[in-house]
Amino acid sequence: MRYIDEYRSEAAAKRMATRIRQVTTHPWTLMEICGGQTYTIVKYGLEELLPDEITLVHGPGCPVCVTPLELIDKAIVIASTPGVIFTSFGDMLRVPGSSKDLLTVKAEGGDVRMVYSPLDAVKIAQSCPEKRVVFFGVGFETTAPANAMAVWQAKRLGLKNFSVLCSHVLVPPAIEALLSSPTNRVQGFLAAGHVCTVMGYEEYIPLALRYQTPIVVTGFEPVDILQGVYMTVRQLEEGRVEVENQYARSVRREGNVPARKLMAEVFQTTNRNWRGIGEIPNSGYALSPEYADYDAEKIFSVEGIKTRESEECIAGQVLQGLKKPHQCPAFGTGCTPEHPLGAPMVSSEGACAAYYHFGRFRLGRTSAPEVVVT
Amino acid sequence: MSHSTVDLSVGHSCPVPINNYKHVLLAHGGGGKLTQQLIQKMFAPQFENELLSPLHDGAVFSINGTRLALSTDSFVVNPIFFPGGTIGDLAVNGTVNDLAMCGAKPLYLSAAFIIEEGMTMEDLWRVVLSMKEATDRAGVVLVTGDTKVVDRKKGDKIFINTSGVGVMEQGVDINPANARPGDVVILSGPIALHGIAIMSVREGLEFETEICSDTAPLNGLVQDMLKASKDIHVLRDPTRGGIASALNEIAESAGVGILIREEHIPVPDEVRGACEILGLDPLYVANEGKLLAIVPRESAQEVLRAMQAHPMGKDAVVIGQVMVENPGIVLMKSRVGGTRVVDMLSGEQLPRIC
């Protein structure tokens, strides 16, 4: 497949790994922000290709993982309400709330449906006028345009039975929160390519300068990530601080202008709670007052639901890059994908689940033997 | 608005582990870890016996000196017609293949139909004709059956159960627990066709593709393989849960490690494209006309040649080997040179959010 195979080529990956080794003279700690990148790193075993000096820490860029417990509880209340069709992306369905997950609500008789696009939820609302259709609108700047489009369309169609449980989160405020933390150890960032496809990368420039930290907009294939690491390390080694764009085949400086315009109309920025991190000012989108009629939190009166997060799960430290998933005492024993104690064990993009699924064997040995096939 | 459905007073710990499901989830039928738990905790202990305990695709036993294999399978696929097949040929091929994976020659089938009131006769006729064609193709005879009709909305058009009996050749001992370090892992052809074909026509997810299900009987292929060498340790058709789940089951029941190479696993471009878009991993997507064979190194070449000479195995390839190290774990050398664990899925494969 074009535009994919080139970026998964062993030869290209090895070439890039060699260049990283050649340029590296000091230990560096880098963070990939996006869960999709963590998934690629662990799925392809990329850390094996990097020199020992480079440490990758896995940032808070998994939308499932940073969604606070109380939002899941709100979703469960709404989904359990008679007459509601509750629609969501697939991997939110298994995230445990305080007492159950959405798949359990479905097994108990709730009408919970997985959709691939919020626009499908709008279609369901059109075809089931007697039901109230709610879409679970979570995610970063990547999923926000489609959610904005769904709300915009619902309003244009005059739908009265469609609403969104909306809790978008934004990357730049999270990077700023991490960089300004006294415990920060991240020296360079791989910014999330898909987020920048929508938003562009102008807003990262003041961040890089203020915190003297290189940021490289990076794609999602193995060679993309290795090249992103190379570009970040080269900046660090040369003492430069810039925002560079590794993912130029997809990202423009100004992003996707029509998408940004639509988002600016439908959403307004708001403070958001990040699971494991806490509240970050102006770090999310909520529906703007003009679209308040589509706000499921208001329609279903669930704004009052408050759920306390545990102090025990170290998800917060994992999401801030202070600890690796397997440094958690519960990793793989008390906490597994079947019985997750914390959200990063739920989504395949979550750092803990990615470690569990793809990297478990490394805890006992450093590398696998070569395959010899006849 | 009542909030009584969620007890928030228990929300003081980090998401309470949902250890004990009070209801059956779809994931319990997904072929992953939850299915395993259901079988191991509920069914197997109640009926424990030496024929059931291996939890193979079928049971193998002797009657008056003749070794027979018995297997059963139910089919609830939605939609019932999909590119490349119907629920009818799937039901025939499924049981034929389960018997073939025991190394048996399938002979007789039973079929039980649970039909939803209101199903059109035309649709039912189409299912019946496809079953007839499939039995002819597999060379098996349908010898007994049963029909039930349930109220509208108490079923989903039609569910079919088939059971089958086959006869075993002398000297054949095929069982997932037989995999031995040094054995070679052979795959009979390109993967993930069935699962993607079904998804391409599933309500709410329709997309245009030319991918057809690979549903087909594998008994002819297995007979040719056994002619080449009776020394085949394991056969498995990687249906729901895909080759990842099948290899994990083998690794676990034989107490061995399995190492496969990503670049050797044939995934058609169209399937890869669909998987990229849908956020799915083809290793976990269902097949209905493929098999995995685990064969001692000495007989691997003969078996591979026999497979490649048969139409159902013409694209057969060696994808990996069985190891002493990492017992119970399947590893994959990735395309770019790193290594990862190919784990068993917990439940259904859920598409990623972005």
key: Atom of B:R272, atom of A:I4 and distance for their closest heavy-atom approach   = NH2-CG2, 4.0 Å
message = salt bridge (charged side-chain N to carboxylate O under 4.0 Å, His left out), that's the test. Do B:E276 and A:R8 meet it? Break it down for me.
response = CA-CA 13 Å; B:E276 291 292 335; A:R8 291 181 189 172; 2.6 Å; yes
Check: A:E48 side chain, B:T339 main-chain N or O, donor-acceptor pair, under 3.5 Å = yes
request  = Check step by step if side-chain contact (heavy atoms from CB on, under 4.5 Å) holds for A:E10 and B:R335.
outcome  = CA-CA 6 Å; A:E10 180 169 10; B:R335 216 168 267 279; 6.0 Å; no
query = Is A:E303 atom CD crowded by more than 12 heavy atoms from other residues, nucleotides or ligands, each under 6.0 Å away?
reply = yes
key: Engaged part of A:I72 at the chain B interface, taking heavy atoms whose separation is under 4.5 Å   = neither
inquiry  = For B:D343 versus A:Y356, what's the shortest heavy-atom pair and its separation?
reply    = OD2-CE2, 3.2 Å
query = From B:K333 NZ over to A:Y44 OH, what is the distance, rounded to the nearest 0.5 angstrom?
reply = 15.0 Å
note = Heaviest contributor of heavy-atom pairs below 4.5 Å to chain B, chosen from A:K14, A:R113, A:K43, is A:K43
message = Just verifying a value: how many Å separate B:L26 CG and A:L103 CG, rounded to the nearest 0.5 Å?
response = 8.0 Å
ask   = Looking only at heavy atoms, what is the nearest atom pair of B:V336 and A:L46, with distance?
value = CG2-CD2, 3.7 Å
Region of A:A107 that comes under 4.5 Å of a non-hydrogen atom in chain B = both
